[in-house]
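Here's the structure we're looking at; comments come further down.
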Amino acid sequence: MQLLLIHSDYIEFEAKRPTKFAEDIEDSAKKGRLEDALCAFIAVEKFDEDDPDAVVAEGSKQISEVAEQVHAKKIMIYPYAHLSPNLSTPDSAVNILKGLQESLSKEYEVVRAPFGWYKAFSLSCKGHPLSELSRSIKLGEGEIVSQALKSEAKAVSYWKIMDLDGTLINIDKFDFDGHENLRKFGQYEMAKSRAVDAVPPHVDLMRRLEMVDYEPGSDSGNMRFYPKGRLVKSLLENYVLDKAMDMGAMEVETPIMYDMDHPTLKKYLDRFPARQYQIEAEKKRLFLRFAACFGQFLMGHDMTISYKSLPLKMVEITRYSFRREQRGELVGIRRLRAFTMPDMHTMAKDMSQAIEEFKKQYETSISVLNEIGLDLADYEVAIRFTKDFFEDNREFVHDLVAIVNKPVLIEMWDERFFYFVLKFEFNFVDTLDKASALSTVQIDVENAERYDITYVDENGERRQPILLHCSPSGAIERVMYALLEKAARETDRGRLPMFQTWLSPTQVRIIPIAERHQPRAFHVAQDLGFRVDVDDRDETVGKKIRDAGREWIPYVAVIGDDELVSGLLTVTIRSESTPKNAAKFKMNVDDLRKKIQTETSGKPQRRLPLPMKLSERAKFI
RNA sequence: GCCUCGGUAGCUCAGCUGGUCCAGAGCGAUUGACUUGUAAUCAAUAGGUCGCGUGUUCGAAUCACGCCCGAGGCUCCA
């Protein structure tokens, strides 16, 4: 709502002719005049329709505040469309204007000029400092603040730690000795503050390794990926997709933008704690998805599903999901506004099947993170549930704790504020003590009904499934963040940082010592397969070795006169080296190939994303 | 809108109590020499209206004012 407030000596109007939006009025209402009145020119805007009552409340509050300041006893409500390019429908506008009139009439003498008429008016502005004011009313800055965001602030949580024996301990009573990260995680969660106050180490690494960078030409939190970053991301995406499909999921693809006024979506928006990007096109209000839920649930709604197909799973690697996170929370790739999230949904027959699936997906998530290079010591587990769920499934929750074999942060709500009754998350805690969720699974008891998703059971009856939301790895960018942060931590501990071989952009670097060794180097590169490159630059061996180390290359093979004679390679294996001591091994091409084969089998394969010859490479940063 | 910090070569930054050490360093790039055995070979060359504008001054990267852009924080007004 836009308001233009003018303190006037007098304001008078006369309705001349109706427009097609004109409200029906008595002849007596066609003329009006007030003296010493505050005249409020008002444009009701599109987004005011989302919560008309709140707009009326806020509008009348602001108008009376000004009336109070200028000591006006009378108020003229004057519809004035020209204040906004983004008007509401005439009906909504009239309703809101009437609402204002009603609300203000309690304390003031109010006249409302009729809506939708061509009116003549004359006005005399008093011209004192406060006599001309404008106000904009935008609830939540013109966006819809979802009900879930509001309830997240209200939700009453009980924070506990579940110990290995299944006892729940109040968080302030728990002895955190030896569980430093769990303590930090708990504090972080309870504080609910996500603001960034220092730059975490992965930011330098992501740029220095030429993986990811800021894109000044876009919005904050929308990144550019250089070839090496794109490769790692692609490998991770494909790996997680494979794992989801191993669990029986079917890959689908769904749109990235949706109509805000679609009835089921509107309700879902209200239940999800995130801010959206909103765009307008052809008079439609669209929002960019923040997950694949809508697409898959809308698909599920249209499907014919027998109990024989359950549990039924669909997965999409969402490139992208969008969440308009607050600016202060964005740094590097820990938290983004556009991110890639593997999103799998399971339709389960009933709660018991849902619980069974939940456990499988919990275990798969552990294994997925492990294969990527993050083990149980690298993250903390949170399990959140409603009190009711816990009382019915105490043993099950204890099982989950037993599987990870370490204490777990518990958050319990006495009421269900969200669409789920149970969820877990694996949270990476970085060196700045910030926690970020990776894998998560939720049991959703609300959306099957909202989207009207049904299956037919053994007796031919339609039933609603229980839904599970699962991201086996969490957002891919965040996995990369965690890997880089872990590498930084390793460096601090005096170890050589590296990625798993299957994720390394260059798996083998071949360094010919002099120009005469190059043909052999290229030959070995061809012969070996995998992502191999050759440092054929005119640099010293020392420089080439150093550069290979700075790129975290797992295998570095030097070829000189000795190797030409012996036919062997001298390979430095990073995983067995220390910063002071390079672990060098003589081996032939077959040995090396077998070694890499075992380290990469079952993982996605991609070719080298850059020219094989280092002499031909451009610099990105 | 306000406050703080920042904007100097492709990158990272120094200079900033105004004046031939103020236009610099390292890395990177180019060229040349070297043909190299495990964490930076040597040398040369090219690259900048020091964010933009206006002032002050004999003289401005440096001081003042205004503006633009970025990061962070605060906040909503005559």
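- Remark: A:Arg33 qualifies as a cation-pi partner of A:Tyr10 under the 6.0 Å distance and 45° angle criteria applied to the six-membered ring.
- Shortest non-hydrogen contact noted between A:Leu374 and A:Asp378 is CA-OD2, 3.4 Å.
- Here the separation of B:A14 from B:U8, taken at their P atoms, is 10 Å to the nearest Å.
- Nucleotides B:A25 and B:G72 are separated by 33 Å at their P atoms, to the nearest Å.
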Exercise for the section: Return one dot-bracket line describing RNA chain B 5' to 3' (Watson-Crick or G-U wobble pairs, both distances under 3.5 Å; ( ) same strand, [ ] crossing, | another strand, . none). Expected result: ((((((((.[[[[.)...(....]]]].(((((.......))))).....[[[[[..)....]]]]])))))))....
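- Comparing B:C42 with B:U62, their C1' atoms are spaced 37 Å from each other, to the whole Å.
- Taking a cutoff of 4.0 Å between a charged side-chain nitrogen and a carboxylate oxygen, A:Arg520 and A:Glu563 do not qualify as a salt bridge.
- For the side-chain hydrogen bond (donor to acceptor under 3.5 Å, both in side chains) with A:Lys586, the qualifying choice from A:Asp562, A:Asp591, A:Thr570 is A:Thr570, the only one to do so.
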Pairs under 3.5 angstrom, nitrogen or oxygen only, protein versus nucleotides 36-41 of chain B, please.
| residue | atom | partner | partner atom | Å |
| --- | --- | --- | --- | --- |
| B:U36 | OP2 | A:Arg516 | NH2 | 3.0 |
| B:U36 | O4 | A:Asp538 | OD1 | 2.8 |
| B:G37 | O6 | A:Asp561 | N | 2.5 |
| B:G37 | O6 | A:Asp562 | N | 2.8 |
| B:G37 | N1 | A:Glu563 | OE1 | 2.8 |
| B:G37 | N2 | A:Glu563 | OE1 | 3.4 |
| B:G37 | N2 | A:Glu563 | OE2 | 2.5 |
| B:A40 | N7 | A:Arg546 | NE | 3.4 |
| B:A40 | N7 | A:Arg546 | NH2 | 3.4 |
| B:A40 | N6 | A:Arg546 | NH2 | 2.8 |
| B:A40 | N1 | A:Arg546 | NH1 | 3.3 |
| B:U41 | OP1 | A:Thr540 | OG1 | 3.2 |
| B:U41 | OP2 | A:Thr540 | OG1 | 2.6 |

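- If you take OH of A:Tyr214 and P of B:G6, they are 19 Å apart, rounded to a whole angstrom.
- A:Lys595 forms no cation-pi arrangement with A:Phe585, by the criterion of a distance under 6.0 Å to the ring centre and an angle within 45° of the ring axis.
- Ion pairing of A:Asp527 with A:Arg593 is present here, as a side-chain N (NZ or NE/NH1/NH2) and a carboxylate O approach within less than 4.0 Å.
- Taking atom CG of A:Leu614 as the reference point, atom P of B:A29 lies 11 Å away to the nearest angstrom.
- For B:A60 and B:G47, the C1' atoms lie 24 Å apart once the distance is rounded to whole Å.
- Using a cut-off of 4.0 Å between Lys/Arg side-chain N and Asp/Glu carboxylate O, A:Asp535 and A:Lys613 are scored as not salt-bridged.
- Sequence neighbours left out, the pairs with a member in residues 536-571 of chain A that pass ring-ring contact (aromatic ring centres under 6.0 Å, His included) are A:Phe499-A:Trp552.
- Across the C1' atoms, B:G28 and B:G48 are found 16 Å apart, a figure rounded to whole Å.
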